[in-house]
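Since the structure comes first, as structure tokens, the remarks are kept for the end.
Below, chain A is the first sequence line, B the second, and so on; all start at residue 1.
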Amino acid sequence: MNHVSQTARVGLFFLLGLALTWVTFQTLNGGKVFRDKGYRLVAGFESLRELKKGDEVRMAGVVIGSVEETRLAGRRAEAVLHIDRTIEIKRDATASIVMAGLIGTNYIGIDLGSAGAPPLPAGAEIRTQITPDLNTIMTDLAALGNKLDHALVTLTGSLAGDGKGSVGIIQKIDLLVTENRASLARTTTNLQQVTDKLNRGEGTLGKLINDPKLYDEMIGTLGEIRRGAGEAKSFIANAQAIIDQVKMGQGALGALVFDQKAGEDFKSTIANFRAVSDKISRGEGTLGKLLQDDGLLRDAQLIMKKAQRALDGLEDSGPITAVGVVARGLF
Amino acid sequence: MKPLTAFLDGFGSTWLLLVRVVSHSGSLPRQFHRFIDQCYLIGYTTMPIVAILSFFIGSVLALQAGYSMQNFGTQQFIGSLVGLSMARELGPVMVAILVAGRVGSAITAELASMKVYQEIDALETMNISPARILVMPRLAATLVMMPVLTIIGDLVGWFGGAIVADLTEIISIEPEAYFAVLRRYTHFSDVLNGLIKAELFGFAVVLVCCNIGLNTRGGPREIGAAVTRAVVVSLILILVLDYFVTQVLMLVSS
Amino acid sequence: MTCSQIAEQRNQLTPATTPKTTAVHVSVEHLSKNFGATAVLKDVTFSVAPGEIFVLMGPSGSGKSVLLKHMVGLELPTAGRVALDGHDAAAATTRERVRMALVFQSGALFNSLSVYDNLALYPREHRLFNEAGIREKVMRTLQILSLENAVDKFPSELSGGMKKRVAIARALVMEPSLMLYDEPTSELDPVMAATISEIIATLREEYHVTTVIVSHDRELALGIADRVGILMGGTLAMLGPAMALRSPQDPRVADFMNPKINLQHPRFKQLET
Ligand SMILES: Nc1ncnc2c1ncn2[C@@H]1O[C@H](COP(=O)(O)OP(=O)(O)O)[C@@H](O)[C@H]1O
Ligand SMILES: [Mg+2]
């Protein structure tokens with residue numbers, strides 16, 4: 001072999017080596033050393049945890065740089081981020097340490113920030129956010145589980161009583177209904193009769209037509225009633241659920257409704273209608289107060305909502321489904 | 001006592017040879033043809049065996065790692081294992097061992113026979129330094145060719161690992177996933193680390209082989225003995241040096 | 001080829017403008033050399049004058065080659081020294097001061113180089129001429145030694161005699177001021193041996209080079225030597241002008257110079273008794 005071709009082969013071989021090195025360099029490092037055209041940002045954290053030099057910086061999952069340096073600065077830890085030149089980071093963007101895997105790989109995640117915000121200049125400090133790391137989450141979750149358990153035990157106890165003399169909520173309601181059976185029945189029937197009368201317009205309708213004074217008075221009353229009824233509607237709607245349950249004949253309430261004698265006081269209710277309505281419009285008596293006093297109603301609604309939410313919440317949790325069934329059966 | 005003095009003798013004469021080579025390094029441009037000849041022998045003709053061996057080293061690495069990693073279901077990290085092992089350790093060490101066996105032995109055989117047949121003496125009476133025309137071109141060629149061989153070895157090893165990881169049923173890692181993990185955990189600094197190692201190994205091996213060849217005494221029978229000694233000393237040297245160089249490189253890079 | 005023809009060619013080879021290298025004075029002073037327990041040279045003292053042709057003779061194994069190696073600094077003396085123009089031959093710097101050439105007994109050709117490159121190595125490495133000048137000089141030298149056809153051959157393709165001639169040619173190309181030959185004619189046919197003798201003699205005339213020849217060749221010794229030394233058992237058994245060889249006093253030397261083949265009483269049988 002002559003010298004020229006040997007030199008050529010050696011030369012080509014060497015160039016091949018250089019090319020392969022270059023390709024390897026480009027693929028593994030993205031040519032970082034020679035393309036150091038990015039800028040730096042400082043991110044301060046309480047703890048950098050597993051974050052180390054060379055870890056990625058990502059924005060919306062896209063790698064936009066790397067952690068160039070980690071250092072302790074006073075009472076906090078700082079990570080110097082090397083960000084690609086072409087990437088603009090908004091002033092209100094926040095950086096957080098994100099865990100990519102269970103084996104301890106982390107990266108810095110930066111959110112997009114708001115579109116209109118000005119970009120952070122080189123060397124600036126980026127806002128940071130503490131995200132719980134896996135260990136914290138695990139501990140918190142365990143603590144939460146314990147608390148929930150505890151809460152459920154208490155809840156069950158207060159609902160049903162602990163069987164040692166103290167009375168649970170359900171039992172209390174039962175007791176209340178039983179004791180006030182008569183008055184409750186009367187009130188309910190009266191209310192029914194009032195509405196019936198009103199619907200039919202019986203008797204009163206003639207008077208309304210012949211007596212303008214009464215008419216006026218009646219109109220006003222009706223207006224007030226209607227307003228009161230409107231306000232009471234949600235109350236009634238809620239009560240409807242109870243009534244449905246009651247119709248199924250369960251508990252003391254069931255017994256109350258199916259007591260035939262309950263209709264006796266229908267007439268006296270009509271007679272008292274005027275007085276009642278007057279009282280109502282004056283805001284006297286419980287119902288009146290209930291209708292007139294917004295605060296009371298709101299409170300009632302709030303209580304209902306709270307109860308509803310509590311129930312919704314309870315239904316979602318597996319272990320307390322039994323309680324949920326009980327509660328749903330009740331109301 | 002005799003092995004100790006022989007060791008010290010070899011150690012000292014190796015350093016002296018290095019000093020002589022360095023003192024002649026100015027005349028390297030005039031040794032261009034010898035340099036190219038040696039590049040051809042050390043680099044070009046060694047490349048196929050480096051490629052073959054690295055391919056199977058990478059394959060076996062992937063196979064064994066995959067076999068043990070599937071116990072933990074972590075075989076998706078095979079790329080990083082093969083990538084780092086080849087780049088930092090096996091690539092340079094394998095190339096150095098091949099160079100010791102293929103190039104180092106040939107160098108010792110050639111120089112020992114030159115010594116035994118008085119060619120070295122002839123050079124000395126001609127006032128032509130053997131260090132200059134025999135050792136320096138070989139060392140320079142080694143320095144130029146070791147990184148080339150090593151990067152080829154690294155890459156071929158990586159591909160060998162990728163193919164095995166893909167085709168072996170218990171591993172079954174797609175090449176894309178393999179190289180994604182490899183890229184993620186292997187940095188160019190690891191490759192560079194390996195290239196530096198290879199450079200040092202190659203240099204040490206060729207220097208030692210030259211020195212053993214030049215210090216051969218006696219007849220043709222000694223040529224064989226010198227070659228054996230050169231290869232054994234080279235292999236020990238590579239592994240001992242590997243430990244210390246790795247330590248130093250870790251210190252430097254941290 | 002006659003002596004005058006060679007001289008003519010040598011004249012063509014070297015233009016008159018070439019500066020003559022100054023011949024070297026060689027002085028061997030109380031030189032002793034031991035290899036382990038065996039003493040090869042025992043307190044050898046003699047000197048070779050500048051431009052002189054000194055022939056060293058002696059039975060094989062008497063230490064002639066070892067003595068030559070001391071003159072070029074390839075062996076280090078156990079005691080005494082060899083001085084070249086006053087500089088110790090063993091010192092590394094001496095080779096830079098004195099251009100010397102040793103024709104090894106075995107030739108010591110560079111086996112990896114062609115005959116041409118073997119000859120061209122020295123002038124190339126020391127940048128004596130440009131490549132064209134080197135080619136001219138190498139080709140002429142090869143021509144003188146009838147080696148034109150071997151120019152592109154490798155040493156392994158040459159016969160023993162050809163190797164010897166290439167080794168001599170390689171030494172000639174160097175144009176040294178101290179020329180040492182270790183048995184230059186031992187493997188050559190009588191005509192080539194005579195040619196070599198003629199070349200050696202002519203060189204001295206041309207360059208005034210100091211020459212030391214180790215040889216068993218009586219023709220050569222008697223023909224071209226100024227002085228002769230005979231080494232026996234590590235010491236000089238005789239030292240004197242070449243003419244003294246014709247009538248040696250020492251019986252050992254006499255036997256060495258004119259061995260009678262005695263089939264009735266062979267020497268190896270005398271040794272047994
Ligand atoms: N390197 C060596 N080591 C040991 N002994 C040697 C060495 N070189 C020569 N000798 C011994 O020195 C003696 C002289 O050798 P040498 O000078 O080659 O003989 P000759 O006179 O035939 O050239 C021999 O007995 C040989 O065995
Ligand atoms: Mg001899």
Side-chain angles (χ1 to χ4, degrees), chain A residues 1-36 50-58 61-72 82 98-109, chain B residues 32-48 50-51 72-74 76-77 79-80 83-84 86-87 91 95 140-141 143-156 158-159 179-195 198 253-254:
Chain A
M1 188 188 337
N2 67 52
H3 234 297
V4 176
S5 91
Q6 186 165 325
T7 310
R9 278 181 208 208
V10 169
L12 283 175
F13 186 66
F14 182 68
L15 287 180
L16 170 78
L18 277 186
L20 288 178
T21 312
W22 178 248
V23 166
T24 313
F25 174 68
Q26 286 294 336
T27 8
L28 292 186
N29 263 29
K32 210 156 45 191
V33 172
F34 295 111
R35 201 153 24 95
D36 189 23
E50 307 269 298
L51 196 74
K52 56 190 183 303
K53 202 173 131 183
D55 280 347
E56 292 168 353
V57 175
R58 294 175 177 224
V62 181
V63 178
I64 57 162
S66 61
V67 176
E68 195 177 69
E69 195 192 338
T70 56
R71 65 191 179 203
L72 207 56
H82 185 265
V98 186
M99 223 158 357
L102 287 175
I103 52 165
T105 48
N106 287 263
Y107 62 87
I108 293 255
Chain B
F32 183 72
H33 283 310
R34 290 193 187 95
F35 167 75
I36 290 293
D37 282 352
Q38 293 304 323
C39 280
Y40 187 80
L41 283 174
I42 294 168
Y44 193 86
T45 60
T46 312
M47 191 257 282
V50 163
F72 324 105
T74 51
Q76 70 266 29
F77 289 108
S80 80
L84 283 174
M86 277 313 288
V95 169
L143 286 182
V144 171
M145 285 299 141
M146 279 309 280
V148 178
L149 289 176
T150 309
I151 195 85
I152 289 174
D154 284 355
L155 293 178
V156 172
W158 291 352
F159 277 97
F179 279 111
V181 173
L182 189 148
R183 278 218 303 278
R184 183 111 207 255
Y185 293 97
T186 313
H187 297 282
F188 187 71
S189 61
D190 297 313
V191 176
L192 206 63
N193 206 300
L195 296 187
S253 63
S254 67

Quick one: what part of V191(B) sits under 4.5 Å from any heavy atom of chain A, side chain, backbone, both or neither? side chain
CZ/F179(B): more than 12 non-hydrogen atoms of other groups inside 6.0 Å: yes
Give, as side chain, backbone, both or neither, the part of L192(B) having an atom under 4.5 angstrom from any heavy atom of chain A. neither
Is D37(B) in contact with chain A via its backbone, its side chain, both, or neither, using a 4.5 Å heavy-atom distance? both
Heavy-atom check, side chain of L28(A) versus side chain of L182(B), under 4.5 Å: yes
Determine whether L195(B) and T21(A) satisfy the following criterion, side chain to side chain contact (heavy atoms under 4.5 Å, CB included), listing intermediate values before the conclusion. CA-CA 10 Å; L195(B) 296 187; T21(A) 312; 4.3 Å; yes
Quick one: list whatever passes side chain to side chain contact (heavy atoms under 4.5 Å, CB included) with L12(A), sequence neighbours left out. none
So do the side chains of V144(B) and F13(A) get within less than 4.5 Å of each other, counting heavy atoms only? no
Tell me, do Y44(B) and Q6(A) make a side-chain contact under 4.5 Å, heavy atoms counted? no
Contacting moiety of F35(B), where chain A heavy atoms sit under 4.5 Å: neither
Carefully, step by step, assess T24(A) and I151(B) under the rule side chain to side chain contact (heavy atoms under 4.5 Å, CB included). CA-CA 9 Å; T24(A) 313; I151(B) 195 85; 3.7 Å; yes
Counting only non-hydrogen atoms closer than 4.5 Å, does L16(A) touch chain B with its backbone (N, CA, C, O), its side chain (CB onward), both, or neither? side chain
Side chain to side chain donor-acceptor pair (under 3.5 Å) involving N193(B) - partner list, sequence neighbours excluded: none
